[in-house]
Each structure stands twice: as C-alpha cells, then as structure tokens.
Q: 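To start, I am sharing the structure in question, which I have written as structure tokens.
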Amino acid sequence: MVSVNEATEIILKNIIKPRIESVSLSNAACRVLAEKIVADRDFPPFNRVAMDGVAIVFDTFLKGQRQFSIQDIQAAGEPAKVLKDPTTCIEVMTGAVLPEGADTIIRYEDIEVKDKMAIITVDDVIKGQNIHSQAQDAKKNDVLLEPHILLSAAEIALLASVGKSRVDVFVFPRIAIVASGDELVDVQDTPALHQIRRSNSYALQAAIQLMGGTSTSFHLVDQKELLKKELQKIVDDHDVVILSGGISKGKFDFVPEVLEEIGIVKLIQQVSQRPGKPFWFGVGKHKTVFALPGNPVSTYMCFYRYIRPWLLKNFGLPDQSLFAVLATDYKFQPKLTHFLQVKVRNEAGMLKAYPDAGGGSGDFANLKEVDGFLELPLERSEFKAGDVFPYYPFRSTL
C-alpha cells in the first residue's frame, strides 16, 4: 500500500504523448493548443483611434487655439485621411485609422460642436492621448501564444485576429470506461431486487466530457475468462482504460489478476486513503489503466484526485491545485488520508469548506449536496476550523 503522495508521484511520472489534430477555429474552444502562434502583423496594425471625437495637432492646442474647423470625418474601415491644415481637425470614430498629420484625440465629451466648428472645453490635454499606437500590443512575428494553453474565448479572439481559421490542438486520448459486475444493469433496464443500474460509467463519462473529451462505455461480467478476452480487446483499442469495480479482495474480483495476465504492469494496488483504498494503476505498451473501486463516491473521488490531474499533465497544462479553509472542527480516527465531502462557499474572498460526509462511499446521493473533496492528511486525527487543506472540486458554476 502506498501513500496518496506516492501514488500521485507514480501516476504523474507515467504520462503519454498526445496526438495532434487540426480543427476549425469554431471548434477550438476548450481544446489545448499544440502550436506556437505568432503575430502576422503589428498589433494594432496602425495608429488606432481609441475614442470618438476629433483629431488635432497638439502644438496648435499648446499655442492656445481652442476652436478647430472640422475638415472631414474619418470612419472606421477607411484608409487614413490627411489633416491638411494644422489649425483644423477631423472628426474620428473609435477603431478608425489616425488621420495623417494629427497626433492627439479630443473625445466628444470634451468638446462642443457648432456650425462645423469643434470647441475644446477642457485644458488638461496630453499629446498622443486616446491613440492606440501601432505595435503597442505586439510587433509582427512576436510570439502571442505558446503550446499547452487551454483555449478560452480570449485566445479564440486572438487566433482569429491573426487569421488562424484552423489551429493545431492536442487530441484527447481514446478512453474506455469499463464497469465490472454481474449486479449491474443499464440505465434503461428495470433492475431486479438484487441488481442496480450502472451509474459510475455515466458519472465518469460526464466528468471526461466536462474536460472536452469523449469516451466509450463497456460492461463486463464477473467471469474470468470472458473478462480477460473482452478486456484484451478494449485495451488494444484504447489509450486509456478506466475500470470501476472488481478490484478488491472478493472471490469474483478478477480485474487485477486479469490486467497483469494481459500485459499491464501493476504500479499501484492500494492507497492509504478513504474512500478509495483499493485503487489499482498500471501501464502497458502505450497503454494506461486505472482500476477504481466500485463504490460510487470512491470512483468519483479517485477520478478527480488522480485521473483528471493526470490528463491535464498529458496536455502540459499547469497544476490547478486549490485550497480551502475548513469551516468547522472535524475528527477522523483511522490512519488514512481522508477525502472529506464538503460544501464550499466563497466568504469574503476565502473558500470555506463545510463538512458533509454523507453515508459512506456507497452514498452517491450525497454528492448532490456537496461541491468537492477536502484532503485531510493521515498524520492527524483532529482538524480544526481555520485549517487549510487541498481542495478538489467537481462542480463548476456557469
């Protein structure tokens, strides 16, 4: 049995190199960038008007002139016009090219316009104000984005601005989710008294979908030879296999034995944690296998504590560790790392975690009441309000 920290280290050392694909810009959101993006021209590409108003020559204003005859209008999208007379001005719109010869913008709020004359009503004018200068943000060939960035709306806008109608992104590994157990029936079936509907598979599929990935679901029965035959096919056809159930010490828990027989090298068999003690991890040739306990809360916790961070590291994304403050005193006696279910509130900029342990690792209904897991170290049995611990959320807000 290994500690939580040892398990984390082993898992994160065994990452895979994701494939790369080209996708259209409209399908790139929430994907991980796989190429370097450079500016194809200056940003902005011209001296850009930043406020609606009039463009003037600052030296004319400095000499005391406050009334400027309006020579013309410069709209956004037009080629630059020329301010022919430094004692006149050109009306300009936000986003337009700065007229040639002008060097300062006075916004409409600071002028009065009468009879084609702009009268400046303020004295605090600075040369060059309200102008977004050419190359102020980036110069041509500057690196704008590096690989291993999760593409948000902000990056999508940047990609569009440099003409990237298609972009290279990392491909999610081919993931199989395997539920093991004769007691399981599918969601549309009516279970007998001795059966239950499969829920772990759907929870794992949803968790992967929320990361931008897809997965294929399988159900295998507790018959060793059939399990071995089907699991071999699944491993051959996928990069990552996540199993739920069949890994403890029961007479029909064949999964660990079968995995080793088909060539998956065991690296972890148990972790000193609750829930999720019977956690199995192994690797084969370009294959990664996670075998999780069948209890729903254990399955869920192990995904967010181990598999999600592992997937993020494969894409080169940074650690997303969070911490929360325990809101009330709590006790846990066993010498195990305890993943406590908590409801989290943001109180004055501080994440406060309120314990709601539920009815154990089989009580998946309690998950609807909480937001994540607080990791309590095995070295302690008493935890005080105000203590800070790692927090693993599974719920996000829109």
Side-chain angles (χ1 to χ4, degrees), residues 24-29 33 35-147 149-168:
S24 67
L25 187 59
S26 59
N27 292 321
L33 184 65
E35 63 173 307
K36 185 181 291 187
I37 304 298
V38 300
D40 63 335
R41 56 180 185 162
D42 291 342
F43 274 34
F46 49 81
N47 290 323
R48 175 180 172 275
V49 175
M51 298 284 286
D52 296 328
V54 294
I56 66 168
V57 175
F58 179 75
D59 282 347
T60 304
F61 175 88
L62 196 61
K63 293 174 182 177
Q65 182 174 324
R66 295 295 182 269
Q67 296 188 26
F68 293 78
S69 174
I70 298 173
Q71 171 191 309
D72 206 339
I73 297 177
Q74 176 81 66
E78 291 182 329
K81 295 182 177 179
V82 179
L83 185 60
K84 300 174 182 177
D85 183 344
T87 65
T88 64
C89 69
I90 293 178
E91 285 191 82
V92 290
M93 305 298 115
T94 301
V97 179
L98 180 69
E100 293 181 21
D103 59 13
T104 301
I105 305 297
I106 311 296
R107 59 181 189 163
Y108 277 132
E109 293 88 336
D110 298 326
I111 63 174
E112 292 181 5
V113 177
K114 293 181 180 179
D115 299 326
K116 294 187 178 181
M117 185 73 68
I119 304 167
I120 299 175
T121 59
V122 296
D123 292 322
D124 54 338
V125 174
I126 300 172
K127 184 176 182 179
Q129 68 180 28
N130 300 321
I131 297 171
H132 194 182
S133 301
Q134 181 174 344
Q136 180 177 325
D137 299 339
K139 295 180 180 178
K140 183 178 180 180
N141 296 323
D142 279 355
V143 176
L144 302 177
L145 298 174
E146 295 279 3
I149 293 174
L150 186 65
L151 295 174
S152 72
E155 287 79 30
I156 296 298
L158 194 56
L159 290 166
S161 71
V162 298
K164 290 290 292 184
S165 60
R166 299 192 67 82
V167 59
D168 287 348

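Quantities reported herein were computed from a predicted structural model and do not represent experimental measurements.
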Q: Could you report the tightest heavy-atom contact between Met93 and Ala76, atom names first, then the distance?
A: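 Smallest heavy-atom distance, with atoms named: CB-N, 4.3 Å.
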Q: List for me each residue that meets side chain to side chain donor-acceptor pair (under 3.5 Å) alongside Gln74, sequence neighbours excluded, and say none if there are none.
A: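 Gln74 satisfies side chain to side chain donor-acceptor pair (under 3.5 Å) with no other residue.
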Q: Just list the side-chain donor-acceptor pairs under 3.5 Å for residues 149-163, sequence neighbours left out, or say none.
A:
from	atom 1	to	atom 2	distance (Å)
Ser152	OG	Ala154	N	3.3
Ser152	OG	Glu155	OE1	2.4
Glu155	OE1	Ser152	N	2.8
Ser161	OG	Leu158	O	2.6

Q: Could you give me the CA-CA distance, side-chain angles and deciding distance for Phe68 and Ile106, then say whether side chain to side chain contact (heavy atoms under 4.5 Å, CB included) is met?
A: CA-CA 11 Å; Phe68 293 78; Ile106 311 296; over 6 Å; no
Q: Quick one: which residue pairs count as a salt bridge (charged side-chain N to carboxylate O under 4.0 Å, His left out) with a foot in residues 78-93, not counting sequence neighbours?
A: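 The answer is Asp72-Lys81, Glu78-Lys81.
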Q: Tell me which donor-acceptor pairs under 3.5 Å the side chains of residues 109-124 have, and how far apart each pair is, sequence neighbours excluded?
A:
from	atom 1	to	atom 2	distance (Å)
Asp110	OD2	Arg107	NE	2.9
Thr121	OG1	Asp110	O	3.0

Q: Going through the checks in order, is the side chain to side chain contact (heavy atoms under 4.5 Å, CB included) test met by Lys127 and Asp103?
A: CA-CA 7 Å; Lys127 184 176 182 179; Asp103 59 13; 3.4 Å; yes
Q: For Ile56, run the side chain to side chain contact (heavy atoms under 4.5 Å, CB included) check against Ile105, Leu83, Thr104 and tell me which one passes.
A: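 The passing option is Thr104.
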Q: Check whether any side-chain heavy atom of Val92 sits under 4.5 Å from a side-chain heavy atom of Leu98, and report yes or no.
A: no
Q: For residues 48-64, which residue pairs qualify under side chain to side chain donor-acceptor pair (under 3.5 Å), counting only residues two or more places apart or in two chains?
A: Asp52-Thr94
Q: How would you list, by chain and number, every residue that makes a salt bridge (charged side-chain N to carboxylate O under 4.0 Å, His left out) with Glu100, sequence neighbours excluded?
A: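 Scan of Glu100 (salt bridge (charged side-chain N to carboxylate O under 4.0 Å, His left out), adjacent residues dropped) gives none.
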Q: Nearest 0.5 Å, what's the OG1-CD distance between Thr87 and Gln67?
A: 12.0 Å
Q: Under the side chain to side chain donor-acceptor pair (under 3.5 Å) rule, collect the residues that match up with Arg166, sequence neighbours excluded.
A: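 Ser22.
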Q: Residues in salt bridge (charged side-chain N to carboxylate O under 4.0 Å, His left out) with Glu146, at least two apart?
A: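 Counting only residues at least two positions away or on another chain, Glu146 forms no salt bridge (charged side-chain N to carboxylate O under 4.0 Å, His left out).
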Q: CG of Asn47 to OG of Ser133: how many Å apart, nearest 0.5 Å?
A: 5.5 Å
Q: Has Gln65 got a side-chain atom pairing as donor or acceptor with Thr88's backbone, closer than 3.5 angstrom?
A: no
Q: Does Lys139 have any side chain to side chain contact (heavy atoms under 4.5 Å, CB included) partners at least two apart in sequence or in another chain, and if so, which?
A: Asp42, Ala135, Asp142
Q: Would you please name every residue forming a side chain to side chain donor-acceptor pair (under 3.5 Å) with Ser26, sequence neighbours left out?
A: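 So Ser26 forms a side chain to side chain donor-acceptor pair (under 3.5 Å) with Ser24.
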Q: Please enumerate all residues that pass salt bridge (charged side-chain N to carboxylate O under 4.0 Å, His left out) together with Asp137, with sequence neighbours excluded.
A: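 Residues passing salt bridge (charged side-chain N to carboxylate O under 4.0 Å, His left out) with Asp137: none at all.
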Q: Quick check: does any side chain N or O of Glu35 sit under 3.5 Å from a backbone N or O of Asp168, one acting as donor and the other as acceptor?
A: yes
